[in-house]
A.B. asks: 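Quick one: the structure is below, and I'll ask about it shortly.
Sequence lines set the chain letters: A, B, ... in the order given, protein chains first and strands last, and positions in each chain run from 1.
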Amino acid sequence: MAQLSEQEIVRRQNLQKIIDLGINPYPPELFPVNAYAADIKRDFKPEEGNFQDVVLAGRMMSNRVMGKASFAEIQDTTGRIQVYINRDQICPGEDKTLYDQVFKHLLDLGDFIGVKGYTFITKTGEISIHASELVLLSKSLKPLPVVKIDADGVAHDEFKDPEQRYRQRYVDLVVNPGIRKVFRDRTTMYNTMRNYLNQKGYLEVETPVLQPLYGGAAARPFKTHHNTLDMTLYMRIANELYLKRLIVGGIEGVYEFSKDFRNEGMSRFHNPEFTQVELYVAYKDYEWMMNLVEEVIEKVALDIHGDTKVQVGDHLIDFKRPWKRFTMFEAIQHFTGIDISEMDEAQLRETAKKLNIHIDGKLGKGKIIDEIFGDKCEAQLIQPTFITDYPVEMSPLAKKHRSKPGLVERFEAICNGKEICNAFSELNDPIDQRERFEEQLELGKRGDEEAMMLDEDFLRALEYGMPPTAGLGIGMDRLAMIMTNSNSIQDVIFFPQMKPEAQGKEQGAGGKE
RNA sequence: GAUAGCGUAGCUCAGCCGGUAGAGCAACGGCCUUUUAAGCCGUGGGUCCUGGGUUCGAAUCCCAGCGCUGUCACCA
């Protein structure tokens, strides 16, 4: 336990005095809440005489004591409301201890209190609760940062250190209630998508997180060990191969919201664990899937903002259908003026060099094209745009293009300069798939650490036959960043991955071994 | 990983042309029965991130380390 601060000692002393007065600072009974701050502030009509018998609970966030009367603010799950506490109202008899001692001296900011009373409007026009009863529901032993909002809505002494906010998200949520909206919007996004997919009749499923072979994406995995089986297991980097096995099994529309794990760098766009939704639908192709993506993401924007236009940083992004569509070669030609569609590997290398793009000697043709696109085009695409028809070398799970040799039927949606989804007509030719895996093994030998592994069981499934299928993955964290105008992935994840806290600081992560 | 900035009271920050710490809020004592960033009077609170060095003297200058943040590079 870290050294207690002066204020923490005072709170512990207050706790003891409360106990000495015969008051349980952590009472077990339910408290019969029947009203919420935001509802009262929105719906109170003095002429109707509503909210005249309310019971509220929450944290006491401010307390202005003026002798024998006080104004406190109570914060519940919906917001804050002012409570007027008059000594002789809450202490009708001779004994004024509850007001003079408990309320004025022993309660602290951050304590949970319960209030019964009626709603009224103060002289200065604020809807408030006139308390007839006041009870302590839970004592707080640590002082919260005190953030004050002035008449102009400007926050003073705002709790804004990003590290503190992420590490102690509970504090962040209490004193920066605005962030709650970010997470509510994130949940709206999930609900919208889930409802949409369910209405189409697709089945939500769960597939293994711990996998003997990882696959479905190009990434380095987390490795772990199962004791009983005495075997290495990997945490999934994608769901693709399992969901396609379900398509083989005859489930014609299947999706999963999944935590995936990639053992790679961290940045404002990358958390080691992140969430995707993956969807596979039989008898469809990537053209069809593009329409679905436009429709569902437009719906998300409408459900969150009531508008297809969303302000993201300096840009107003409009998700209204239809979105622009470019082939990858068209996009590269558009942004660089160079047509690379007919180039071989040596020419591509030369082009990359001319464009000042550093290309690792190990990279194959597909990766070089991807580098050129990533360097020269991606960041320029602000409005939602589909990029289609990728080189076969960088898409080992996608079906070869029906009319363009060397390409696959794949698209990504780019928005605000970042990929938000990836989709293709799924490769269902087991012989082609085996060859693609073998090419991946070759890339692996050349040193590509993200090359895929060959999955025999997946190939066996394909050999039984998989219907033509369209598949999709949407990065939920990235989309949440856009939909909530958040600059960092850490702002849309409640508990982003952090280094352990330094020793000597309180409650360092991994305090016991 | 590269580069810049930051680390001082519970919180937000000032002090940094070297002379061993300040403000506001919060806390504590007092006054105040419709206030609202309530107000007024008074009080306490700090290994100035850590470790070295320069100096009579370091929060301040130098070196090293740790942590965080921003930007850039790679993966969604």
A.B. asks: Nearest of B:rU34, B:rG29, B:rC13 to any side-chain atom of A:His105?
C.D. replies: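 That would be B:rG29.
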A.B. asks: Do the side-chain N and O atoms of A:Tyr242 and A:Glu240 include a donor-acceptor pair separated by under 3.5 angstrom?
C.D. replies: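 The answer is no; no qualifying pair exists.
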A.B. asks: With both distances under 3.5 angstrom, what nucleotide forms a Watson-Crick or G-U wobble pair with B:rC6?
C.D. replies: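 Answer to the pairing question: B:rG67, which forms a Watson-Crick or G-U pair with B:rC6.
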A.B. asks: Counting side-chain heavy atoms from CB outward, which of B:rG44, B:rC28, B:rA73 is closest to A:Glu6?
C.D. replies: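 Selected nucleotide: B:rG44.
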A.B. asks: A:Leu107 has an atom CG; how far is it from atom C1' of B:rA27, in whole Å?
C.D. replies: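 Spelled out: CG on A:Leu107 to C1' on B:rA27 is 15 Å.
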A.B. asks: Starting the side chain at C-beta, find the nucleotide from B:rC68, B:rU33, B:rU69 nearest to A:Pro162.
C.D. replies: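 Given the options B:rC68, B:rU33, B:rU69, the side chain of A:Pro162 is closest to B:rU69.
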A.B. asks: Please state how far atom CZ in A:Arg165 lies from atom C1' in B:rC11, giving the value in whole angstrom units.
C.D. replies: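 One finds 15 Å between C1' of B:rC11 and CZ of A:Arg165, rounded.
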A.B. asks: Any strand is fair game: report the nucleotide pairing with B:rG22 by Watson-Crick or G-U wobble, both distances under 3.5 Å, or none.
C.D. replies: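 Paired with B:rC13.
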A.B. asks: Considering only NZ, NE, NH1 and NH2 on the basic side and carboxylate oxygens on the acidic side, decide whether A:Asp477 and A:Arg186 come within less than 4.0 Å.
C.D. replies: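 Salt bridge: yes.
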A.B. asks: Over how many whole Å does the gap from A:Glu8 atom CD to B:rA9 atom P extend?
C.D. replies: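 A:Glu8 atom CD is separated from B:rA9 atom P by 14 Å.
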A.B. asks: Pick base, sugar-phosphate or nothing for A:Lys160, based on heavy-atom distances below 4.0 Å to the nucleic acid.
C.D. replies: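 Sugar-phosphate only.
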A.B. asks: Which nucleotide in the set B:rU12, B:rA37, B:rU71 lies at the smallest distance from any side-chain heavy atom of A:Asp157?
C.D. replies: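 Selected nucleotide (nearest to the side chain): B:rU12.
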A.B. asks: With both distances under 3.5 Å as the test, what is the Watson-Crick or G-U wobble partner of B:rU54?
C.D. replies: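 Checking every strand shown, B:rU54 finds no partner, since no pair has both distances under 3.5 Å.
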A.B. asks: Whether A:Lys148 contacts B:rU12 is assessed here as follows: a side-chain N or O lying under 4.0 Å from the phosphate OP1 or OP2. Is that the case?
C.D. replies: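 Checking B:rU12 against A:Lys148, no side-chain N or O comes under 4.0 Å of OP1 or OP2.
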A.B. asks: When we call it a touch if two heavy atoms are under 4.0 Å apart, what does A:Ser62 touch: a base, just sugar-phosphate, or nothing?
C.D. replies: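 Here A:Ser62 touches no strand at all.
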A.B. asks: Could you tell me whether A:Asn422 contacts a base, only the sugar-phosphate backbone, or nothing, with contacts defined as non-hydrogen atoms closer than 4.0 Å?
C.D. replies: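 No contact at all - A:Asn422 keeps every heavy atom at 4.0 Å or more from the nucleic acid.
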A.B. asks: Write down the distance separating the P atoms in B:rG18 and B:rC62, rounded off to the nearest Å.
C.D. replies: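 One P to the other, the span is 12 Å.
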A.B. asks: Now, which nucleotide makes the Watson-Crick or G-U wobble pair with B:rC72, with each of the two distances under 3.5 Å?
C.D. replies: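 Partner of B:rC72: B:rG1.
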A.B. asks: Does A:Ile489 or A:Arg268 map to a spot on RNA chain B nearer the 5' end, using the closest nucleotide for each?
C.D. replies: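 The answer here is A:Arg268.
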A.B. asks: Can you tell which of A:Asn422, A:Thr388, A:Asp389 makes a side chain to side chain donor-acceptor pair (under 3.5 Å) with A:Arg410?
C.D. replies: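 Of the listed options, the one satisfying the test is A:Asn422.
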A.B. asks: Quick check for you: among B:rA27, B:rU35, B:rC68, whose closest atom lies nearest to any side-chain atom of A:Asp161?
C.D. replies: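 For the A:Asp161 side chain, the nearest candidate turns out to be B:rC68.
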A.B. asks: For A:Val154, which contact category applies under a 4.0 Å heavy-atom criterion: base, sugar-phosphate, or nothing?
C.D. replies: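 Since no nucleic acid heavy atom lies under 4.0 Å of A:Val154, the category is nothing.
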A.B. asks: Relative to each other, are the rings of A:Phe458 and A:Phe437 parallel, tilted or perpendicular (30° and 60° limits)?
C.D. replies: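 A:Phe458 vs A:Phe437 ring planes: perpendicular.
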A.B. asks: Of A:Gln7 and A:Ser128, whose closest RNA chain B nucleotide lies nearer the 5' terminus?
C.D. replies: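 Final value for this comparison: A:Gln7.
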A.B. asks: Send over the distance from A:Asp370 CG to B:rA73 P, rounded to a whole Å.
C.D. replies: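 Those two atoms, CG and P, are 15 Å apart.
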A.B. asks: Just call it for A:Gly475: base, sugar-phosphate, or nothing, with non-hydrogen atoms closer than 4.0 Å on any strand.
C.D. replies: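 Nothing, no heavy atom under 4.0 Å.
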A.B. asks: Measuring only the P atom in each nucleotide, how far is B:rA38 from B:rG24? A whole number of Å is fine.
C.D. replies: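 B:rA38 and B:rG24 have their P atoms separated by 15 Å.
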A.B. asks: Salt bridge check: are A:Asp76 and A:Arg59 linked by an N-O gap of less than 4.0 Å?
C.D. replies: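 Judged by the 4.0 Å cut-off on N to carboxylate O distance, A:Asp76 and A:Arg59 do not form a salt bridge.
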A.B. asks: So what does A:Glu419 hit on the nucleic acid, given a heavy-atom distance under 4.0 Å: a base, only sugar-phosphate, or nothing?
C.D. replies: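 Sugar-phosphate contact only.
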A.B. asks: Of all the nucleotides listed (B:rA37, B:rC11, B:rU33), which has the minimum atom distance to the side chain of A:Ala151?
C.D. replies: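 In terms of side-chain proximity for A:Ala151, the closest of B:rA37, B:rC11, B:rU33 is B:rA37.
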A.B. asks: Should B:rG42 form a Watson-Crick or G-U wobble pair with both distances under 3.5 Å, which nucleotide is its partner?
C.D. replies: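 Its partner is B:rC28.
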A.B. asks: In this structure, how many angstroms lie between the C1' atom of B:rA76 and the CD atom of A:Gln490, rounded?
C.D. replies: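 Those two atoms, CD and C1', are 15 Å apart.
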A.B. asks: Output the rounded distance in Å from NZ (A:Lys376) to C1' (B:rA73).
C.D. replies: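 Roughly 14 Å, once rounded to whole Å.
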A.B. asks: Any idea which of B:rU35, B:rC28, B:rU33 is nearest the A:Asn14 side chain?
C.D. replies: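 The closest nucleotide is B:rC28.
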A.B. asks: When we call it a touch if two heavy atoms are under 4.0 Å apart, what does A:Gln89 touch: a base, just sugar-phosphate, or nothing?
C.D. replies: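 A:Gln89: no heavy atom of the nucleic acid under 4.0 Å.
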A.B. asks: Between B:rA27, B:rA76, B:rU34, which nucleotide gets closest to the side-chain atoms of A:Met66?
C.D. replies: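 Of the options given, the side chain of A:Met66 lies nearest B:rU34.
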A.B. asks: Write down the distance between CD1 (A:Ile149) and P (B:rA37), rounded to a whole number of angstrom.
C.D. replies: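 After rounding, the gap between these two atoms is 11 Å.
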A.B. asks: So does A:Glu94 have more than 12 non-hydrogen atoms from other groups sitting under 6.0 Å from CD?
C.D. replies: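 Atom CD in A:Glu94 is not crowded, with 12 or fewer foreign heavy atoms closer than 6.0 Å.
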A.B. asks: For a quick check of understanding: with a heavy-atom distance under 4.0 Å over all strands, which category does A:Glu371 fall into, base, sugar-phosphate or nothing?
C.D. replies: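 Result for A:Glu371 = sugar-phosphate.
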A.B. asks: Side chains of A:Lys365 and A:Leu348: closer than 4.5 Å at any heavy-atom pair?
C.D. replies: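 Yes, their side chains come closer than 4.5 Å.
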A.B. asks: For A:Ala218, report the nucleic acid contact type (base, sugar-phosphate, nothing); a contact means any heavy atom under 4.0 Å.
C.D. replies: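 The answer is sugar-phosphate, as A:Ala218 gets under 4.0 Å only of primed atoms, P, OP1 or OP2.
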A.B. asks: How close or far is atom C1' of B:rC74 from atom CG of A:Asp375, stated in whole angstroms?
C.D. replies: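 For the pair A:Asp375 CG and B:rC74 C1', the rounded distance is 12 Å.
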A.B. asks: Suppose you measure atom P in B:rU60 against the same atom in B:rG7; what distance do you get, rounded to whole Å?
C.D. replies: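 These two P atoms come out 11 Å apart once rounded.
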A.B. asks: Which of the following nucleotides, B:rC11, B:rA76, B:rU71, is nearest to the side chain of A:Asn487?
C.D. replies: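 Closest of the options to the side chain of A:Asn487: B:rU71.
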A.B. asks: Checking contacts here: which listed nucleotide (B:rA37, B:rU34, B:rG67) is nearest the side-chain heavy atoms of A:Glu163?
C.D. replies: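 Nearest listed nucleotide: B:rG67.
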A.B. asks: Would you say whether A:Phe71 stacks on B:rA38? The test is a distance between ring centres of less than 5.5 Å and an angle between planes of less than 30°.
C.D. replies: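 Taking the rule of under 5.5 Å and under 30°, the ring of A:Phe71 does not stack on B:rA38.
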A.B. asks: Please confirm whether the shortest side-chain N or O distance from A:Arg64 to OP1 or OP2 of B:rA38 is below 4.0 Å.
C.D. replies: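 Indeed, a polar side-chain atom of A:Arg64 lies that close.
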A.B. asks: Do the charged groups of A:Lys142 and A:Glu8 touch, with an N to O distance under 4.0 Å?
C.D. replies: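 Yes, this pair counts.
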